[in-house]
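Numbers here simply count residues along the sequence, with the first being 1. We count ligands from 1, going down the list as the structure has it; atoms in each ligand are counted the same way.
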Amino acid sequence: MGEQINIVLAGPRGRMGKEALHLIHNTKEFSLVGAVDRKHDGQLISDINGLPNMDTPIYTNLENCLQAHQADVLVDLTTPEIGKRHTEIALQYGVRPVVGTTGFSAEDLARVTELAASKKLGTIIAPNFAVGAVLMMKFSQMAAKYFPDIEIIELHHDQKLDAPSGTAIKTAQLISAEREAKQQGHPDEHEAVAGARGANIDGMHIHSVRLPGLIAHQQVLFGGNGQTLTIRHDSYNRESFMTGVKISIETVMKLDHLVYGLENIIA
Ligand code: NAP
């Protein structure tokens, strides 16, 4: 059995946070020593309706929490602004951040890279904790060497504001690193209805589907002579992110620098 890892969780009432509470509760090597919420200062996790029966104290201020408890890892599943602030505070206190919020700019990442390196502390920032989605991207990158004609179809619930999804863009970028830019389809192709061929990244077409009932799905279609290959990933709920959170908590303990993106952890 590995060493016990003492964790502080920020955002325990959120949709991701609740799943993370269950993960920590059900993992023998993980102990939750503190939680940081926007409210409920001084209460326990078990006092909050719908949260697991854990006698962990809640703080509304991360610094107060880290002064009161010896923590190894901060798991932050709050909001982009708070996630950034908490990452820097954790590192100042010698605690390794595992951060799931998006929105870190190149300058933010440069600052965290420097801070983590100067403190020699592992830090993981992962905009997508779904291991299956990361594998889909890696497998697609591998397949693109042999099948350079590619269309990406991403499908999400109809409350999603951005299109195409970050995962679709990231998939196209990873593929672009592997294949020559290629304008696909017939050179004289024209759209009878604008947008029919979707977005275009380096010649790859990306189609965004938005429907109630869907959650987060993507398929990458490869076409070759007399054959096609489809690589598909489906995320049905936020539990799908927890394998990635668990791997990140375990891995951050062995690192002494920042790693951005789960794809750089999963071999
Ligand atoms: P959510 O349900 O809105 O949860 C966010 C939680 O953070 C809420 O409970 C919120 O409290 C709390 N919070 C806000 N400010 C806080 C503060 N200062 N201190 C402590 N807690 C604070 O959102 P979610 O769907 O769980 O997502 C959480 C974050 O993870 C988002 O940034 C989202 O984009 C990201 N995300 C990442 C992945 C991934 O794979 N990396 C996957 C899904 C989502 P209130 O409810 O009181 O405001």
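Backbone and side-chain nitrogen or oxygen atoms of Arg13 are examined, and one is located within less than 3.5 angstrom of a nitrogen or oxygen of ligand 1. Close N/O approach between Phe129 and ligand 1 is found [any backbone or side-chain N/O within under 3.5 Å]. Here's the thing with Gly14: one of its N/O atoms is less than 3.5 angstrom from an N/O atom of ligand 1. Checked by distance only, ligand 1 and Ile82 stay at 3.5 Å or farther apart across all their nitrogen or oxygen atoms. Between Arg38 and ligand 1, at least one N/O pair is under 3.5 Å apart. Checked against a 3.5 angstrom limit, the closest N/O atoms of Gly100 and ligand 1 fall inside it. For ligand 1, the polar-atom distance check finds no N/O of Gly17 at less than 3.5 Å from any of the ligand's N/O atoms.
Set against the non-hydrogen atoms of Val36, the atoms of ligand 1 under 4.0 Å away are 20 (C), 21 (N). The contact set between ligand 1 and Phe241, taken as ligand atoms under 4.0 Å from a residue heavy atom, comprises 40 (O), 42 (C), 43 (C). Atoms of ligand 1 lying under 4.0 Å from at least one heavy atom of Thr101, given by number and element, are 32 (O).
Atom 2 (O) of ligand 1 has its closest protein heavy atom at Arg15 N, 2.9 Å. Of the protein's non-hydrogen atoms, Met16 CG, 3.7 Å is the one closest to atom 27 (O) of ligand 1. For atom 39 (C) of ligand 1, the closest heavy atom belonging to the protein is Pro127 O, 3.3 Å. The nearest protein atom to atom 12 (C) of ligand 1, hydrogens excluded, is given as Gly11 CA, 4.2 Å; this is a heavy-atom distance.
Put simply, atom 33 (C) of ligand 1 has no protein non-hydrogen atoms near it, under 4.0 Å away. Inside a 4.0 Å radius of atom 10 (C) of ligand 1 there is not any protein heavy atom.
Of all the heavy atoms of Pro12, none lies under 4.0 Å from any atom of ligand 1, so neither backbone nor side chain is involved.
Atom CG of Asn53 is surrounded by 12 or fewer heavy atoms from other residues, nucleotides or ligands within 6.0 Å. Summarising the local packing, CG of Asp158 is surrounded by more than 12 heavy atoms from other residues, nucleotides or ligands at distances under 6.0 Å. The environment of CD in Gln67 is crowded: more than 12 heavy-atom neighbours from other residues, nucleotides or ligands sit within 6.0 Å.
Using a 4.0 Å cutoff on heavy atoms, Arg238 counts as a contact of ligand 1. Distances from ligand 1 to the non-hydrogen atoms of Ala126 include at least one value under 4.0 Å.
A donor and an acceptor atom, one from each side chain of His156 and Glu154, are located under 3.5 Å apart. Inspection of the Gln43 and His40 side chains reveals an N or O donor paired with an N or O acceptor under 3.5 Å. Side-chain contact, Asp202 with Ser176: a donor N or O sits under 3.5 Å from an acceptor N or O. Side-chain contact annotation: Thr230 with Gln219, donor-acceptor N/O pair under 3.5 Å absent. Of the N and O atoms on the side chains of Asn128 and Thr167, at least one donor lies less than 3.5 Å from an acceptor on the other residue.
Side-chain atoms of Ser118 come within 3.5 Å of backbone N or O of Leu115 as a donor-acceptor pair. Without hydrogens or angle criteria, Lys138 side chain to Glu263 main chain gives a donor-acceptor distance under 3.5 Å.
Here atom 22 (C) of ligand 1 lies nearest to Thr78 when heavy atoms of Val98, Leu262, Asn128, Thr78 are compared.
Taking the ring centroids of His69 and Tyr59, they lie under the 6.0 Å cut-off.
When the options Glu151, Glu191, His190, Gln184 are evaluated for a side-chain hydrogen bond (donor to acceptor under 3.5 Å, both in side chains) with Arg197, the one that passes is Glu151.
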